[in-house]
Every structure is written in C-alpha cells, then in structure tokens.
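So that the names make sense, note that chain A is the first sequence line, chain B the second, and so on, each numbered from 1.
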Protein chains: 2
Amino acid sequence: MPSRPSLVQIAERVGVSPATVSRAFNRPELLNDATRERILATARQLGFRPSKVGSSLRSGSTRTLGLLLPTMSNPVFAACFEGAEERALKAGYSVMLATTGYDARREREAARSLLDHRVEGMILTVADPARSATLAELAASGVPFVLAYNESDRHPFVSVDNFAAAGDMVEQLVASGHRRLAMISGPLDASDRASKRLDGVLDRAARLDLPAPTHVSMPRHTAADRDRLRSLLSSPRPPSALFCSNDLLAASVIAELATLGLRVPDDLSVCGFDGMAFGALMVPSLASVHQPSSEIGSQACHELLKALAGGSSRSVRLPHRLSGGGTVARLAVD
Amino acid sequence: MPSRPSLVQIAERVGVSPATVSRAFNRPELLNDATRERILATARQLGFRPSKVGSSLRSGSTRTLGLLLPTMSNPVFAACFEGAEERALKAGYSVMLATTGYDARREREAARSLLDHRVEGMILTVADPARSATLAELAASGVPFVLAYNESDRHPFVSVDNFAAAGDMVEQLVASGHRRLAMISGPLDASDRASKRLDGVLDRAARLDLPAPTHVSMPRHTAADRDRLRSLLSSPRPPSALFCSNDLLAASVIAELATLGLRVPDDLSVCGFDGMAFGALMVPSLASVHQPSSEIGSQACHELLKALAGGSSRSVRLPHRLSGGGTVARLAVD
DNA sequence: TGCAACGATGAAAACGTTTGCAGTCTGTTC
DNA sequence: GAACAGACTGCAAACGTTTTCATCGTTGCA
C-alpha cells in the first residue's frame with residue numbers, strides 16, 4: 001500500500017513541473033492535449049488525486065460548509081440536512097455535520113471545531129438566537145452563517161412563520177369543533193420555535209374567544225411524560241385537542257394516551273407541528289403543520305452561498321401548510 | 001471584520017517565535033507559565049484559533065473521518081451516524097458526512113470527495129459489498145474503512161446477523177400461529193441486507209415446514225406499491241403475516257393496507273426489521289427485529305479507530321433482538 | 001527580416017502549521 | 001570556578017498545493 005503520491009511525484013514521473021500537473025486538474029484547457037493526457041494517465045495509474053488540504057491552504061478556501069443541528073434522530077433535521085447537502089454539492093461544496101443534542105456546551109464546542117476546520121460558512125439551528133453564545137462567537141468570527149428553523153431580527157434565517165402557523169392550526173381545530181385546547185411542548189428555553197408556536201396558539205385562541213389554552217411543558221422535546229399528561233387530562237374541564245409543538249412529541253403523546261386507554265381521535269384529538277414524512281404513514285395519519293424541511297435546508301444553503309459569492313443573505317420565510325390528518329376528530333357542535 | 005489572524009501574527013504581536021505559539025496550544029507544559037498566558041490572552045483577544053488546514057498539512061493528519069450512508073431520512077442511518085459521531089468526537093475526530101441516496105454514481109463521487117479531503121478513515125454502507133466499485137477504489141486507496149450494516153468476508157464490518165435475525169422473526173411469527181408468510185422488500189440488488197433477510201426467511205420457513213413464503217419486491221426501499229400489495233393479497237391463499245425488510249417499508253405497508261380497508265393486526269399481521277425508535281410509538285407498536293443502530297455506528301467507529309491507531313479492524317456482529325409489537329396478531333391454531 | 005502575439009511550460013513564493021535541533025540562560029554540583 | 005543539567009525558546013525546513021511572472025519557441029503579419 002503506497003502512501004498517497006503527491007502532485008510533485010506525479011510531476012517527476014511525467015517529467016513536467018508541479019505547476020503543469022496542477023493545471024492538468026484545474027485549468028486543463030491551458031495545456032497541450034498530449035501533456036494533459038500523459039499527466040492524467042499517470043495520475044490515474046498511481047491513484048493520485050490532488051489533496052484538498054494542500055489546495056485549501058494555498059488558495060485559502062476549503063470549499064466546505066458547516067452544519068450544526070440539534071439531532072439527526074428528528075427527521076425534520078435529517079431532511080434539512082439532506083436539502084442543504086444536495087444544494088451544497090451542486091455548488092461544489094462539501095459538508096461537515098455536527099450535532100448538538102440540544103446542549104449549549106456541545107453546541108459551542110462543535111461550532112469552534114467547525115471554525116477550526118475553516119468551514120467557509122455555517123448553517124445552524126440554535127436554542128434561542130437572542131441568547132446564544134455560539135451565535136455571538138460565530139458573528140464575531142466573521143464567518144457567514146444562516147439560521148435554519150430559528151427566527152431572528154439580527155441574523156439571516158430560513159424558517160416558516162411559527163407564530164402564524166401555530167395560529168392557523170388553532171383555527172383548523174376550531175373549524176373541527178374544538179374549543180378547549182392544550183399546547184404541549186418540550187422545555188421552552190431550549191427552543192424558540194416552541195415558544196413562538198405557543199405564543200401563536202394563545203394569540204389566536206384569544207382572538208377567537210376560546211378559553212385560554214393550557215400549556216404543559218414536558219421534560220424532553222420529543223417524549224411525553226406520562227404523569228404530566230394524566231394530570232392535564234384529569235383537570236376539571238379537560239381539553240378535547242392536544243396541540244404538540246412537534247411531530248415526534250405528538251407521536252409520543254398518542255402512544256402514551258394509548259397506554260392510558262385513550263384512543264385518538266375517538267377519545268381525544270392530537271396534532272403536531274413539522275409535517276414529518278412519517279406522520280403520513282401513521283394510522284390514523286398525524287394532523288400537523290407542515291414545514292418544508294428539505295427546502296429549509298436547501299434555501300438556507302442557497303442564502304449562505306449567496307453570501308459566499310460576495311452578496312448577502314436575506315431572511316426567508318417559507319410557506320407552511322396544514323396537513324389534515326386522522327388524529328383530529330370532527331366534533332359535533334356543542 | 002478582520003481576516004482571521006495566523007499563528008505568525010500572534011507570534012509577532014506577543015514577541016515570540018511561531019514555534020512558541022504553536023506550543024502554547026499543543027504542548028503547553030513546555031512553556032513558561034507567563035509566556036503561555038501572554039500568548040493565550042492575545043490569541044483570545046484577537047480571536048485566534050490554530051487552523052486545522054495548516055496543521056493537517058504539516059502533520060499529515062486531518063483528524064477527520066468520512067461517513068458515507070444511503071440517506072438520513074431513514075432513522076436507522078441517522079442513529080448510526082449519531083453513534084459514530086459521538087465515538088469520533090470522543091477520540092478527537094471530526095466527521096464529514098455524505099449521503100448516496102442509494103445511488104452508485106453518487107456513492108462513488110462522494111467517496112472520492114471524502115478521500116480528496118483526506119479523511120483518515122471511512123465508515124460506509126454500500127448496496128452490495130461484493131460488487132461495489134466504490135469499495136474496490138477505497139481498498140486500493142489504502143484508507144482504512146469499516147462497513148456498517150453490510151456483511152462481507154473480505155472487509156471488516158459491523159452489523160447484526162441478518163440471516164439469523166430474519167429467521168428468528170419467522171420463528172416468532174410461527175409461535176403466534178402464522179404459517180403463510182410473505183416477505184416484502186425493496187429492490188434486492190440495491191441491498192444485500194434485504195437479500196440476506198429474505199434468505200433467512202426462506203431458510204427458516206423450510207426448516208419449520210411452512211409453505212414457501214412469497215416474496216414481493218417493491219420499486220422503492222421504503223414505500224409500498226399499492227398494486228403489488230393488492231395482487232399479493234388477492235392470491236388464492238394469501239399470507240396472514242407480512243414481513244417487511246425494513247421498518248419504514250412496514251409502516252408504509254400498514255398505511256397502504258389501511259387505505260385498502262384492511263386493519264393491522266385484526267385483518268393482517270405486519271412486522272418490520274430495524275427496530276427504529278419510532279416503531280415503538282406507533283399504535284399499535286410495530287413488531288420488528290431490533291438492530292442496535294447507534295451501537296453499529298459507534299462500534300464501526302471504534303473498529304476504525306483501532307485501525308488508525310495501528311491495529312486492525314475486526315468484523316463484529318452485534319446481537320439483534322425481537323421486539324414484539326401490536327402489529328402481529330396471535331392467531332388461534334388452525 | 002523583424003516584431004508582436006500567442007501557446008505552452010517552468011521557477012519560485014506563499015499559504016499556516018509542526019518539530020528536530022540547536023541555542024541561551026539559570027542554577028547546581030564538585 | 002568549571003562543567004553540566006535543565007528549562008525555555010528560536011531557527012528553519014517541510015507538508016501539497018496554486019499562481020504570478022518569466023521564459024522559450026512558433027506563428028502571423030507588415
């Protein structure tokens with residue numbers, strides 16, 4: 001197993017200068033056809049491919065983007081990744097991915113590591129853009145970045161309008177005859193999305209003269225806590241519909257309800273937020289606010305690339321869409 | 001926005017040699033306390049962090065691993081990624097992730113790109129290790145790699161024993177009173193796992209004197225084709241249980257069955273393979289062969305790190321586990 | 001014939017680090 | 001007082017590229 005040959009060794013072998021070998025790969029049109037072929041043939045034969053490490057150093061450009069997302073276990077972020085990756089690939093960029101597990105410390109470390117690798121730009125989702133140390137550091141570093149899913153008035157982002165979207169779901173629940181709602185979320189301080197969605201729910205409920213929806217916060221983002229769920233349902237006038245701040249949580253809620261002997265939607269309606277592909281496969285299918293995750297990723301990447309090309313990134317709000325599902329019952333009017 | 005300072009500029013600023021600055025970060029114990037502090041302070045103040053590009057070039061080590069997986073939309077691979085990432089992180093490695101979308105061409109391009117970036121090792125899942133051009137190239141390159149999910153007698157891998165695992169599921173189905181089985185998979189030539197699982201099913205069925213299970217191949221890995229499903233069920237003696245070669249496919253099958261008016265498990269039993277976390281949240285919960293995806297990722301990474309440390313990687317078969325679920329009915333004996 | 005322009009290639013510097021070797025102190029030991 | 005050890009730091013080369021500038025033939029044209 002020969003240690004990878006370098007451009008210089010190819011040059012020696014072929015009997016040309018390193019510059020010429022370099023040109024054979026980067027500016028092939030500059031070379032005499034015969035020379036070029038001779039070089040490429042030798043390169044192929046020896047298994048040579050130019051090292052990006054060397055070229056990054058010399059050119060000052062790594063052609064690599066950093067992606068910093070909470071977790072890949074949430075299909076929303078997985079889709080976002082794929083959207084961004086595809087877009088990056090088309091533009092000739094590679095992707096370094098790091099996950100934070102919703103942990104601020106890991107988030108900071110990972111961002112630093114990405115910067116150390118000299119990624120040229122970054123796409124990331126943080127807990128709360130207003131208080132994120134990571135974001136401050138990133139801004140100070142001068143490396144362009146675009147937020148995904150977060151909303152911010154200080155930094156470019158790509159997301160849906162969480163406030164409005166949550167409100168629209170309330171409206172749809174009301175249209176189905178529901179008036180007593182509850183919002184279920186994970187820890188609010190670890191997700192500005194969840195906060196915005198809750199605000200949207202409360203606001204719209206108020207406008208529609210609904211009784212103020214209860215809010216229950218679960219200890220984890222994507223798993224329902226059985227006791228808190230039970231206590232919510234045993235209140236004097238329990239909700240007829242549970243709006244969960246994300247789809248995984250909704251699925252978990254439904255599963256917990258089943259263990260409590262409650263069937264969805266017959267005994268209780270449930271809906272989520274995200275529109276993950278999987279929701280459509282559930283039986284009954286999960287009602288949700290669909291956000292175009294893959295597009296969020298690709299758009300974020302697109303905006304980032306604009307910045308890298310010397311332009312500047314704009315914030316983008318992509319349209320959401322209510323995807324009705326079998327988990328919300330149509331109630332007879334009181 | 002000041003362009004990132006280099007180690008040399010810090011050196012000048014502090015009034016020491018570049019070597020000393022380098023040591024402040026890599027061998028701090030070598031330095032006089034005062035010097036070290038002066039350097040680190042200036043570095044912090046100017047926002048300097050040593051560039052991995054420079055150090056990779058000089059040291060010949062990028063401390064980066066490549067991950068090449070079919071898709072992040074399948075939670076199995078997402079979990080595998082997270083397992084590997086965590087393990088890599090602990091060892092001080094970063095991760096470059098690329099997805100192939102089950103496409104051989106993209107697979108090859110992505111592998112090359114990772115090699116160009118001089119990843120020190122690679123973890124990957126290919127369609128069929130025996131015929132993979134990517135794998136051949138990779139082996140020729142001399143970069144160590146470990147297969148995940150694939151099984152091979154020529155390359156190190158980490159996976160479950162697909163043949164045996166599928167057989168065990170057959171056994172469990174039989175224990176629940178099922179005798180007429182069907183296996184549903186995606187395109188076999190794009191997944192050696194699916195093939196092995198099918199073999200396992202056929203083999204065990206034969207041993208148990210079952211009627212030979214039908215096999216239906218769907219055009220896509222994770223989506224059921226309605227027509228093929230219908231034609232399977234309208235055969236003279238239709239199966240009572242459908243064994244799907246992965247969980248996403250199983251979920252899709254269940255959803256399709258629902259649109260055909262068939263309820264699971266009352267009218268038909270369904271089970272999958274993967275044990276994705278999500279299956280447990282389905283109602284009823286999805287019966288499946290659980291493979292420890294996160295551990296597959298971390299073990300693969302572990303084996304890879306062993307190779308990088310000068311040792312060699314061994315193939316590992318991790319234990320599978322049948323996770324009984326509500327989607328398989330317990331039939332009365334004929 | 002002379003000169004410009006062009007095509008093809010080479011020489012060398014530069015990118016940001018790391019590290020073996022050598023050097024300068026200081027303090028210690030006979 | 002000399003030799004020496006140890007602590008600390010500097011010098012300079014090297015890693016694999018890219019790119020500017022220069023060079024050398026050739027060709028086209030006046």
Answer yes or no: is there an ion pair linking Glu137(A) with Arg112(A), defined by an N-O contact shorter than 4.0 Å?
->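 Answer for the salt bridge query: yes.
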In whole Å, what is the span from the CD atom of Glu12(A) to the P atom of dG16(D)?
->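 The answer, rounded to whole Å, is 12 Å.
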Ignoring hydrogens and geometry, is there a side-chain-to-backbone donor-acceptor pair from Gln291(B) to Ser159(B) under 3.5 Å?
->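 A pair under 3.5 Å: no.
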Out of dG10(D), dA14(C), dA13(D), whichever nucleotide has its closest atom nearest the side chain of Arg58(B) =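 Closest nucleotide to the Arg58(B) side chain: dA13(D).
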dC15(D) C1' sits how many Å from Glu120(B) CD, rounded?
->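 Atom CD in Glu120(B) sits about 14 Å away from atom C1' in dC15(D).
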Give a yes or no on whether a donor-acceptor pair under 3.5 Å exists between the nucleobase atoms of dG10(D), that is its base, and the side chain of Arg23(B).
->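 Yes.
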Ignoring the backbone of Leu57(A), work out which of dT18(D), dT17(D), dG16(C) is nearest its side chain.
->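 When the side chain of Leu57(A) is considered, dG16(C) is the closest of dT18(D), dT17(D), dG16(C).
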If you check every side-chain atom of Thr20(A), which of dT18(C), dG10(C), dT17(D) has the closest atom?
->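 The closest nucleotide is dG10(C).
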Select base, sugar-phosphate, or nothing to describe what Ser22(A) touches, counting heavy atoms under 4.0 Å on all strands.
->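 Answer is base: heavy atoms of Ser22(A) come under 4.0 Å of a base.
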Start at the 5' end of DNA chain D and walk down; is the nucleotide closest to Val16(B) or to Ser51(A) reached first?
->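 Nearest-nucleotide comparison on DNA chain D picks Val16(B).
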Among Arg4(A), Lys52(A), Arg49(A), Arg63(A), salt bridge (Lys or Arg N to Asp or Glu O under 4.0 Å) partner for Asp116(B) =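 Testing Asp116(B) for a salt bridge (Lys or Arg N to Asp or Glu O under 4.0 Å) against Arg4(A), Lys52(A), Arg49(A), Arg63(A) leaves exactly one candidate, Arg49(A).
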Say whether, by atom type as modelled, one donor and one acceptor occur between the side chain of Arg36(B) and the main chain of Pro28(B) under 3.5 angstrom.
->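 Yes.
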Closest to the Ser17(B) side chain: dG10(C), dC11(D), dA13(D)?
->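 Selected nucleotide (nearest to the side chain): dC11(D).
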Less than 4.0 Å between a side-chain N and a carboxylate O, is that true for Glu120(A) and Arg118(A)?
->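 No, no charged N to carboxylate O under 4.0 Å.
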Separation of dG10(C) C1' from Leu31(A) CG (nearest whole Å) =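 For the pair Leu31(A) CG and dG10(C) C1', the rounded distance is 12 Å.
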Value in whole Å for how far the P atom of dT9(C) lies from CZ of Arg36(A) =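 The answer, rounded to whole Å, is 10 Å.
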Could you give the NZ-to-C1' distance, from Lys52(B) to dT18(C), as a whole number of Å?
->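 It works out to 14 Å between those atoms.
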Report yes if a side-chain nitrogen or oxygen of Thr35(A) is closer than 4.0 Å to either non-bridging phosphate oxygen (OP1 or OP2) of dT9(C); otherwise report no.
->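 So the side chain of Thr35(A) is within the cut-off, an N or O lying under 4.0 Å from OP1 or OP2 of dT9(C).
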Would you mind classifying the nucleic acid contact of Phe48(B) as base, sugar-phosphate or nothing, using non-hydrogen atoms under 4.0 angstrom?
->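 The residue Phe48(B) makes sugar-phosphate contact but no base contact.
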Is any side-chain nitrogen or oxygen of Asn32(B) closer than 4.0 Å to OP1 or OP2 of dA7(D)?
->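 No, no such contact exists.
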What nucleotide among dT17(D), dT9(C), dG20(C) has an atom nearest to a side-chain atom of Val8(A)?
->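 Side chain of Val8(A) sits closest to dT17(D).
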To the nearest Å, give me how far apart CZ (Arg118(A)) and C1' (dG16(C)) are.
->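 For the pair Arg118(A) CZ and dG16(C) C1', the rounded distance is 9 Å.
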Atom CZ of Arg27(B) and atom C1' of dT19(C): how far apart are they, to the nearest Å?
->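 Rounded to whole Å, this separation is 10 Å.
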Measure from CD on Glu37(B) to P on dC8(D) and round the result to the nearest Å.
->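 It is 14 Å, rounded to the nearest whole Å.
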Out of dT17(C), dG10(C), dA12(D), which has the shortest distance to the side chain of Ala19(A)?
->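 Side chain of Ala19(A) sits closest to dG10(C).
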